[in-house]
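When reading the values below, keep in mind they use all heavy atoms of this one structure, side chains included, and skip hydrogens, waters and symmetry mates. Residue numbers start at 1 and run along the sequence shown.
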Amino acid sequence: MTQKSIFEPEGRAVPYLTEGEGPVALVLITDREIEADGLGVVSHYLVEEAGFHVIRIGARVGQEPTISDRVEDTLAVIDSLGLNDAWIGGHGFGGTVARVFAAEHIDRVNGLLLLGVEDEQVPLAPAIPVLIVQATDDEVTPAAHAESLQATAPERASIKRIDGAGHLFPATHPIETAVIIEEYLDWD
């Protein structure tokens, strides 16, 4: 069952959803309001079909937080849930926040999941596996961004492609996206 909550550390209102109780924890940072993030079906599939524990974390209510704010909020939410470590990821901008989170809190990250890659100069955290799911027809976060990032750590970064999909592939191709994530993350 999905539970939507608002966590209010130091007066900040940070929305999040938690679903499932499985042994594989996956934190997804959204780049939109949680209800419209396009990750709901992917999350539900991973919980119901693969037994994952999925936490989706949104942006502060009524504010325009910076990347640093989003990283701080993500840490506060996972601390409040008692998660010592998890896979962390996001779609588009959410993935950029996840990259910064992984670099700053590597001891809390089992791996990094990027659903489309923004062209940001955020290096990959060392020594963690990276799964990049990339739509072939994405004009917002094109495949070239994913390929450039993967080339910085080819021994531990993998790209899986969703043919014929655009930028909103987690919403338009949710099962295909979820199956890729399940097959990759479930190995550990």
Side-chain angles (χ1 to χ4, degrees), residues 1-7 13-61 70-71 73-99 101-102 105 108-118 128-135 138 140-141 146 158-162 165-188:
M1 181 172 171
T2 304
Q3 292 179 312
K4 180 179 177 186
S5 302
I6 302 286
F7 182 61
V14 183
Y16 70 95
L17 292 170
T18 183
E19 187 174 13
E21 298 176 5
V24 177
L26 172 61
V27 174
L28 293 173
I29 302 168
T30 68
D31 65 347
R32 306 173 181 212
E33 291 186 27
I34 288 180
E35 296 82 5
D37 67 5
L39 298 170
V41 174
V42 171
S43 297
H44 190 70
Y45 177 93
L46 291 171
V47 168
E48 293 298 318
E49 299 299 324
F52 283 27
H53 177 197
V54 180
I55 300 96
R56 292 169 27 222
I57 302 174
R60 295 177 186 179
V61 176
R70 297 293 308 274
V71 167
D73 292 347
T74 299
L75 182 62
V77 170
I78 66 173
D79 280 349
S80 76
L81 295 173
L83 283 176
N84 293 324
D85 53 52
W87 273 81
I88 189 151
H91 176 238
F93 177 71
T96 299
V97 174
R99 285 163 60 187
F101 183 94
H105 302 284
R108 305 293 296 271
V109 178
N110 295 331
L112 185 60
L113 169 65
L114 303 174
L115 304 172
V117 175
E118 288 191 318
I128 61 170
V130 180
L131 172 61
I132 302 168
V133 182
Q134 180 65 50
D138 188 340
V140 178
T141 55
S158 300
I159 299 175
K160 304 294 182 187
R161 291 174 175 77
I162 298 182
H167 182 64
L168 298 177
F169 69 90
T172 62
H173 295 73
I175 303 304
E176 193 172 349
T177 302
V179 167
I180 290 170
I181 296 167
E182 174 189 15
E183 290 176 353
Y184 190 90
L185 271 63
D186 210 20
W187 65 264
D188 67 355

Asks: Are any non-hydrogen side-chain atoms of T177 and V41 less than 4.5 angstrom apart?
Replies: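 No, too far: nothing below the 4.5 Å cut-off.
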Asks: Hydrogens and angles aside, do T96 and E118 bring a side-chain donor and acceptor to less than 3.5 Å of each other?
Replies: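 Yes, a side-chain donor-acceptor pair sits under 3.5 Å.
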Asks: Between CD1 of I55 and OH of Y16, what distance do you get to the nearest 0.5 Å?
Replies: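 So the CD1 of I55 and the OH of Y16 are separated by 9.5 Å.
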Asks: Of all heavy-atom pairs between A98 and G90, which one has the smallest distance, and what is that distance?
Replies: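 Answer, listing the atom of A98 first, then G90: CB-N, 4.3 Å.
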Asks: Would you give the length of the straight line joining atom CD of E19 to atom CG of L26, rounded to the nearest 0.5 angstrom?
Replies: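 Those atoms lie 11.5 Å apart.
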Asks: List the steps, then state whether side-chain contact (heavy atoms from CB on, under 4.5 Å) holds for L46 with V24.
Replies: CA-CA 10 Å; L46 291 171; V24 177; over 6 Å; no
Asks: Answer whether the closest heavy-atom distance between the side chains of V54 and L39 falls below 4.5 Å.
Replies: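 Not touching, per the 4.5 Å side-chain cut-off.
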Asks: For the pair I181 and K160, evaluate side-chain contact (heavy atoms from CB on, under 4.5 Å) and give the outcome as yes or no after the intermediate values.
Replies: CA-CA 9 Å; I181 296 167; K160 304 294 182 187; over 6 Å; no
Asks: Taking C-beta and beyond as the side chain, do W87 and P129 meet within less than 4.5 Å on heavy atoms?
Replies: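 With C-beta onward as the side chain, the pair touches.
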Asks: Out of the candidates D73, D79, L81, only one should pair with V77 under the side chain to side chain contact (heavy atoms under 4.5 Å, CB included) rule; please name it.
Replies: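 That would be L81.
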Asks: Less than 4.5 Å apart, any side-chain heavy atom of T18 and any of H53?
Replies: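 SC-SC contact between T18 and H53 confirmed.
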Asks: Grab the two heavy atoms, one from L115 and one from H91, that are nearest each other, plus how far apart they are.
Replies: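 Answer, listing the atom of L115 first, then H91: O-CD2, 3.0 Å.
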Asks: Taking C-beta and beyond as the side chain, do T74 and I88 meet within less than 4.5 Å on heavy atoms?
Replies: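 SC-SC contact between T74 and I88 confirmed.
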Asks: Check R70 against I57 and note the closest heavy-atom contact, atom names and distance.
Replies: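 Closest pair (atom of R70, atom of I57, distance): NH2-O, 3.4 Å.
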Asks: Look up atom CG in L113 and atom CD1 in I180, then write down how far apart they are to the nearest 0.5 Å.
Replies: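 These two atoms lie 10.0 Å from each other.
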Asks: Excluding sequence neighbours, so at least two apart, what forms side chain to side chain donor-acceptor pair (under 3.5 Å) with T141?
Replies: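 Only D138, H167 meet the side chain to side chain donor-acceptor pair (under 3.5 Å) criterion with T141.
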Asks: To check you understand the geometry: which heavy-atom pair defines the closest contact between A135 and G166, and what is its length?
Replies: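 Between these two residues, the closest heavy atoms are CB-O, 3.3 Å.
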Asks: Flag the pair I128 / N110 as yes when at least one side-chain heavy-atom distance between them is below 4.5 Å, and no otherwise.
Replies: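 Result no, sub-4.5 Å side-chain heavy-atom pair not found.
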Asks: What's the separation between atom CZ in F101 and atom NE2 in H105, rounded to the nearest 0.5 Å?
Replies: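 If I round to the nearest 0.5 Å, the distance is 5.0 Å.
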Asks: If I take atom CZ from residue R56 and atom CG from residue L28, how far apart are they, to the nearest 0.5 angstrom?
Replies: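 So the CZ of R56 and the CG of L28 are separated by 7.5 Å.
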Asks: Can you name the side chain to side chain donor-acceptor pair (under 3.5 Å) partners of E176, sequence neighbours left out?
Replies: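 Applying side chain to side chain donor-acceptor pair (under 3.5 Å) to E176 gives none.
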Asks: Taking all non-hydrogen atoms of both residues into account, name the closest pair between I132 and A146 and its distance.
Replies: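 Shortest heavy-atom separation between I132 and A146 comes out as CG2-CB, 3.7 Å.
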Asks: What are the two closest non-hydrogen atoms of A86 and V27, and how far apart are they?
Replies: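 A86 and V27 have their closest heavy atoms at CB-CG2, 4.0 Å.
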